[in-house]
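Notes for the one structure printed next.
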Amino acid sequence: MNAGLRVDTSRYKNIAVVGLGLIGASCAARIRQFDESIRVFGVDTDEVTLVKAVQNGWVTGASLPDGEAFESFVRNECELVILATPATAARAYFEQLVSWGYSGIITDTASTKARICSDAADVLPDISRFIPGHPMAGSEVNGIEGARVDLFEGAHWIVCPNEDTPADDYLALHELLTGMGARVISLPREDHDRAIAIVSHVPHFVASSLVELAANHADDQKALFRLCAGGFKDSTRIAAGSPELWAGIAFDNKKALHDGLVEMSQIIARFIAALEHDDRAELTALLDHSAKIRRSIPKKWLPDSENLLEVRIPMENRKGMVAEVTTIASKVGCNIQSIEIDHLTSSAAVLDMILTDEGDIGRLSIELLNAGFRVSLLPLSVKE
Ligand SMILES: NC(=O)C1=CN([C@@H]2O[C@H](COP(=O)(O)OP(=O)(O)OC[C@H]3O[C@@H](n4cnc5c(N)ncnc54)[C@H](O)[C@@H]3O)[C@@H](O)[C@H]2O)C=CC1
Ligand SMILES: O=C(O)C(=O)Cc1ccc(O)cc1
């Protein structure tokens, strides 16, 4: 790897986690395990949750939202706020943080991005301080009881930088999240809700529908549900999630969820039609198509080999460069293990990314070149 003065990206040493439920407490626990020197201040409306977080050693301080200790932490120490409440609660925190003169970075974990981004834009005097995030890991067990230190291990964590996002802030967040075991994917915030409707929100409502179907046919629920094999359990686990949380997600992403469910009903209608027409070939073709696609999804996203690739791109005062480059890398399936800025001289810097052996490197180079970047690629031996 090239020598040179590195920007210190591990600079988040004082982090506030607001909402210590499944996601927030898992974040706090993992951050503390990753680096004990990081101070994590936890905030929740539920006092029992605060006590558990402190007892487990997942936070170094904790208070209710109106606690003086929270205000003092934000005013004097805090460099990063992670909002891990339902999305509807975020606006009040943006307002509170602004009133306390907070100028550090705010990120979040909400399942939808439109509402929280619009609230941030309304409230924050400088929208570049908000970098939206969304871990694609979770569970049907909500609250701190469901929290696990390894929840994000190997999971994708969507981050939505845009042209306003300062490179150093994005890089520092990337460093923290990869340190927590997650694999960071950049996605434009405008594309997030439509994409996630298909892979998360529609599946949740389909899972609930399957449970409804079975319930409609269960005189004695226990007897019918005892017949469930793994398939039913696999496809319905998420239906046990918090109804309040999911109703919130549904209305925050109403149009995309609605359109996805309509499309889903059209797909089911094709199965119904094939049955009605005794069309075995059509039914088999439909099943074959989805079986092939399902089999091609890896159980775990793992690099093909331990080979790493260093990608270096001169930085030419181009606004939003980091968002653009990382979004292109995510689009072609490349996994950025680390990303840093090499300041070669006072006026010349290079964006330096280490990629694992995944994705379409050829397409990455072409897309970066087409976007006007000068790119150099260097295979790295694992021992370097
Ligand atoms: N459940 C899941 O699998 C996933 C959830 N998310 C998102 O992460 C966020 C948190 O979800 P979960 O952790 O699952 O929810 P949760 O219900 O497990 O935890 C939420 C926590 O926030 C607290 N809380 C609620 N309102 C608050 C407020 N105004 N101020 C401070 N604390 C407050 C609650 O007491 C609770 O401890 C949501 O936006 C959700 O959409 C993201 C990925 C996965
Ligand atoms: O439990 C699971 O498998 C999930 O899919 C959890 C989940 C729930 C909500 C999200 O926004 C992201 C992930």
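Numbering of ligands and ligand atoms starts at 1, following listing order.
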Handout entry: Which residue and heavy atom of the protein sit nearest atom 16 (P) of ligand 1, plus the separation
Key = Gly143 N, 3.8 Å

Completion exercise
Logged contact type for Thr112 with ligand 1, heavy-atom cut-off 4.0 Å, is neither

Handout entry: Distance from atom 31 (C) of ligand 1 to nearest protein heavy atom, with residue and atom
Key = Tyr93 OH, 3.1 Å

Problem - Taking atom 12 (P) of ligand 1 as the reference point, the nearest protein heavy atom with its distance - result: Ile23 CG1, 4.0 Å

Completion exercise
Any heavy atom of Ile238 under 4.0 Å from ligand 2? The part involved is side chain

Problem - Residue-ligand contact Ser139/ligand 1, heavy atom below 4.0 Å - result: yes

Practice task
Evaluate the ring planes of Phe41 and Phe70, with Trp represented by its six-membered ring, and classify them as parallel (under 30°), tilted (30 to 60°) or perpendicular (over 60°).
Solution key: parallel

Handout entry: Ligand-side contact atoms (ligand 1) for residue partner Gly19, heavy atom cut-off under 4.0 Å
Key = 22 (O), 32 (N)

Practice task
Answer whether the closest heavy-atom distance between the side chains of Asn162 and Arg189 falls below 4.5 Å.
Solution key: yes

Exercise for the section: Any ring-ring contact (aromatic ring centres under 6.0 Å, His included) involving residues 13-35? Give me the pairs, sequence neighbours left out, ordered by first then second residue. Expected result: none

Completion exercise
In this structure, atom 1 (N) of ligand 1 is nearest to the protein heavy atom Leu22 CD2, 3.4 Å

Handout entry: Val17 with Trp157, same ILVMFWY side-chain cluster at under 4.5 Å
Key = yes

Exercise for the section: Answer with yes or no whether the hydrophobic clustering places Ile131 together with Leu83; edges join I, L, V, M, F, W, Y residues whose side-chain heavy atoms lie under 4.5 Å apart. Expected result: no

Handout entry: Test side chain to side chain donor-acceptor pair (under 3.5 Å) applied to Tyr93 and Thr85, step by step
Key = CA-CA 10 Å; Tyr93 285 99; Thr85 61; over 6 Å; no

Exercise for the section: Could you check atom 21 (C) of ligand 1 against the protein and tell me its nearest heavy-atom contact, residue, atom and distance included? Expected result: Gly21 N, 3.6 Å

Handout entry: Which segment of Ser139 sits under 4.0 Å of ligand 2 when only heavy atoms are counted
Key = backbone

Exercise for the section: Could you walk me through whether Glu367 and Lys331 pass salt bridge (charged side-chain N to carboxylate O under 4.0 Å, His left out), step by step? Expected result: CA-CA 10 Å; Glu367 297 231 3; Lys331 198 171 84 181; 3.0 Å; yes

Handout entry: atom 42 (C) of ligand 1: nearest protein contact (heavy atom, Å)
Key = Thr109 O, 3.2 Å

Handout entry: Connected hydrophobic set around Val149, excluding itself, where side chains approach under 4.5 Å
Key = none

Completion exercise
ligand 2 atoms nearer than 4.0 angstrom to some heavy atom of Ser111 are 9 (C), 10 (C), 11 (O)

Problem - Shortest heavy-atom approach to atom 40 (C) of ligand 1 - which of Ala84, Ser111, Cys27 - result: Ser111

Fill in the blank from the handout: atom 17 (O) of ligand 1 sits nearest the protein heavy atom Asn142 ND2, 3.6 Å

Practice task
Pick whichever of Val43, Thr45, Leu20 has a heavy atom sitting closest to atom 24 (N) of ligand 1.
Solution key: Thr45

Fill in the blank from the handout: Quick look: Ala92 vs ligand 1, heavy-atom contacts under 4.0 Å, and the answer is neither

Practice task
Could you list which atoms of ligand 1 come closer than 4.0 Å to a heavy atom of Pro135?
Solution key: 43 (C)

Fill in the blank from the handout: If you scan protein heavy atoms around atom 38 (C) of ligand 1, the nearest is Thr85 O, 3.5 Å

Exercise for the section: Distance to 0.1 Å, residue and atom name: give those for the protein heavy atom nearest to atom 8 (C) of ligand 2. Expected result: Trp246 CZ2, 3.7 Å

Fill in the blank from the handout: Min over Asp44, Asp252, Val18 of heavy-atom distance to atom 35 (O) of ligand 1 lands on Asp44

Problem - Ile38 with Leu173, same ILVMFWY side-chain cluster at under 4.5 Å - result: yes

Exercise for the section: Report yes if some heavy atom in the side chain of Pro303 is under 4.5 Å from a heavy atom in the side chain of Asn335; otherwise report no. Expected result: no

Practice task
Just jot down the ligand 2 atoms closer than 4.0 angstrom to any heavy atom of Arg237, in number order.
Solution key: 1 (O), 2 (C), 3 (O)

Problem - Ligand-side contact atoms (ligand 2) for residue partner Gly138, heavy atom cut-off under 4.0 Å - result: 1 (O), 6 (C)

Handout entry: Close side-chain approach of Leu351 and Ile339, heavy atoms under 4.5 Å
Key = yes

Handout entry: Proximal ligand 1 atoms for Ala89, defined as those under 4.0 Å from one of its heavy atoms
Key = 29 (N)

Handout entry: Region of His204 engaging ligand 2 - heavy atom pairs below 4.0 Å
Key = neither

Handout entry: Where ligand 2 meets His134 - atom numbers and elements under 4.0 angstrom, heavy-atom basis
Key = 10 (C), 11 (O), 12 (C)

Exercise for the section: Classify the contact between Ala137 and ligand 1 as side chain, backbone, both or neither, using a heavy-atom distance cut-off of under 4.0 Å. Expected result: backbone

Practice task
Under 4.0 Å, heavy atoms only, figure out whether ligand 1 is touched by the backbone of Ala110, its side chain, both or neither.
Solution key: both

Exercise for the section: Establish, for the pair Arg318 and Phe373, whether the NZ or CZ atom is under 6.0 angstrom from the six-membered ring centre and no further than 45 degrees off its axis. Expected result: yes

Practice task
Quick one: closest heavy-atom pair of Gly19 and Ala84, and the distance?
Solution key: O-CB, 3.6 Å

